[in-house]
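Quick notes on the structure that follows.
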Amino acid sequence: MSNKTKYSILTAVVIIGTYLIKDYLIEKEKIEVVAGGTTVKVNTNEYFLPTSTTGQIVHHEGYSLSYSEPHEQAEWVAYELKKSHLSNANFKRPYFEIDEAVKTGAAHWRNYKQSGYDRGHLCPAGDRKYSQAAHDETFLTSNISPQKHEFNAGIWNRLEQKTRYWASKYDGVFVISGGVLKGNLKTIGEEKVAVPNQFYKVLIDNNTGKTKMIAFLMDYQDSELPLYKFVTSVDTIERLTGIDFFSELDDAIENKLEASSDYKNWSF
DNA sequence: CTGGTGGCC
DNA sequence: GGCCACCAG
């Protein structure tokens, strides 16, 4: 066998071997998520879906949600905000549509009309500006919750902008947002859409090496206080909502991170 | 960025 | 009922 032939075989082995190992490593990162009777395979770096207390998880291209029929809104909306998603595009805002993927029937936007409350996005339109389709997909009524305008355009908006800042700084974050749907809540519209008294947002950064998370809990009204004043532990959000976050993580890591209200690893 | 509303067709 | 033009924080 000539040296040239040996070299060719060696090269082929290295290329094929690298390809196989790469496939194996990617496979190791994947997990099975069973939701709504459907089994989907996702990458853990892309998907940290919480549990559903309502039994109705809906997947869209740009985000997933758990719909609470009694409250006529999502108990959580979850999505990854990648650095590459950030965009300055300026799309025209479409009209809200009923989410036909919600089998129990999502609320009509008319419930919000003249109610005194904003149709507050849970997955913000500003986080899905990488395409017109992704942007427009956030205008489903399964993705909104009644919010006072001063809150929505105020501190909630500031938190969303800070989230985009972190997505850029930390090369992507995974985001879960929602209202706290507990107790006797005021309702609006014929379909009695519940008006949450508190809203939460939970973030995890699993991309910059050392996993870190942070949680925010806010009352329904605007505030001039700095955002870090609203930091709480993920455990607190879990106790309030009954939702289990980040169960994909190793239990020891999950327990430690979720008990912490420390925000020193997050740059404000 | 976050949104709403009056009024015309 | 859908849509445009305009307005607010």
Side-chain angles (χ1 to χ4, degrees), chain A residues 62-63 65 72-74 76-100 105-170 172-173 175-180 186-191 193-203 216-230 266-268:
Chain A
Y63 58 95
L65 63 96
E72 287 293 3
Q73 65 196 275
W76 54 254
V77 170
Y79 58 97
E80 185 183 21
L81 179 57
K82 297 183 180 183
K83 187 173 184 176
S84 63
H85 288 156
L86 301 174
S87 159
N88 289 322
N90 201 4
F91 298 116
K92 182 186 175 188
R93 292 169 71 92
Y95 298 95
F96 279 95
E97 291 180 10
I98 293 172
D99 185 352
E100 299 297 341
H108 195 285
W109 61 265
R110 204 171 279 113
N111 292 287
Y112 291 73
K113 195 175 183 182
Q114 305 288 354
S115 70
Y117 290 87
D118 274 15
R119 304 149 175 127
H121 279 83
L122 294 175
C123 174
D127 282 3
R128 304 283 85 162
K129 289 174 74 173
Y130 50 90
S131 75
Q132 177 86 60
H135 170 265
D136 290 0
E137 193 186 48
T138 68
F139 286 78
L140 295 171
T141 56
S142 54
N143 184 40
I144 56 175
S145 180
Q147 295 177 331
K148 297 297 283 183
H149 182 67
E150 296 74 15
F151 172 80
N152 188 24
I155 194 166
W156 188 249
N157 186 24
R158 277 201 285 140
L159 179 55
E160 290 174 340
Q161 293 189 41
K162 187 68 73 178
T163 300
R164 286 189 275 272
Y165 163 76
W166 284 325
S168 173
K169 186 179 182 68
Y170 303 134
V173 290
V175 186
I176 305 117
S177 302
V180 177
K186 174 192 166 131
T187 66
I188 56 171
E190 285 187 10
E191 293 179 275
V193 179
V195 181
N197 293 314
Q198 293 174 296
F199 290 89
Y200 68 86
K201 190 181 287 289
V202 176
L203 307 174
F216 295 84
L217 181 65
M218 297 175 164
D219 285 339
Y220 63 93
Q221 71 257 31
D222 194 18
S223 170
E224 296 302 318
L225 293 174
L227 287 172
Y228 60 79
K229 293 281 190 185
F230 297 90
W266 295 80
S267 170
F268 281 80

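First the proteins, then the strands, lettered A, B, ... as listed; each starts at 1.
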In this structure, how many angstroms lie between the [atom2] atom of [N] and the [atom1] atom of [X], rounded?
X      : N     : atom1 : atom2 : result
A:R93  : B:dC1 : CZ    : C1'   : 9 Å
A:R110 : C:dC3 : CZ    : P     : 13 Å
A:Q147 : B:dG4 : CD    : C1'   : 14 Å
A:Y220 : B:dT2 : OH    : C1'   : 20 Å
A:Q161 : C:dG9 : CD    : C1'   : 12 Å
A:N152 : B:dC1 : CG    : P     : 13 Å
A:I98  : C:dG1 : CD1   : P     : 12 Å
A:K148 : B:dT2 : NZ    : C1'   : 15 Å

task = Cation-pi check, A:K162 to A:W266: give yes when NZ or CZ is under 6.0 Å from the six-membered ring centre and within 45° of the ring axis, no otherwise.
result =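 Negative - A:K162 is either too far from the ring of A:W266 or too far off its axis.
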
Base, sugar-phosphate, or nothing for [X], non-hydrogen atoms under 4.0 angstrom?
X      : answer
A:E160 : sugar-phosphate
A:N88  : nothing
A:R158 : nothing
A:G120 : sugar-phosphate
A:E150 : nothing
A:K162 : nothing

Side-chain N or O of [X] less than 4.0 angstrom from OP1 or OP2 on [N]?
X      : N     : value
A:R119 : B:dG3 : no
A:K92  : C:dC3 : no
A:H149 : C:dA8 : no

request  = Name the closest nucleotide to the A:Q114 side chain, picking from B:dG3, C:dG9, B:dG6.
outcome  =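 Closest nucleotide among those given: B:dG6.
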
query = In terms of side-chain heavy atoms of A:D118, which of C:dG9, B:dG3, C:dC4 is nearest?
reply =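 Shortest atom-to-atom distance from the side chain points to B:dG3.
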
Under a 3.5 Å distance rule, please check whether [X] uses its side chain to pair with a backbone N or O of [Y] as donor and acceptor.
X      : Y      : answer
A:Y63  : A:E137 : yes
A:D99  : A:S142 : no
A:R128 : A:T138 : no

ask   = What distance separates A:T141 OG1 from A:E100 CD, expressed to the nearest 0.5 Å?
value =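 The CD atom of A:E100 is 8.5 Å from OG1 of A:T141, to the nearest 0.5 Å.
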
ask   = For DNA chain B, whose closest nucleotide is more 5', that of A:S115 or that of A:A89?
value =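 That would be A:A89.
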
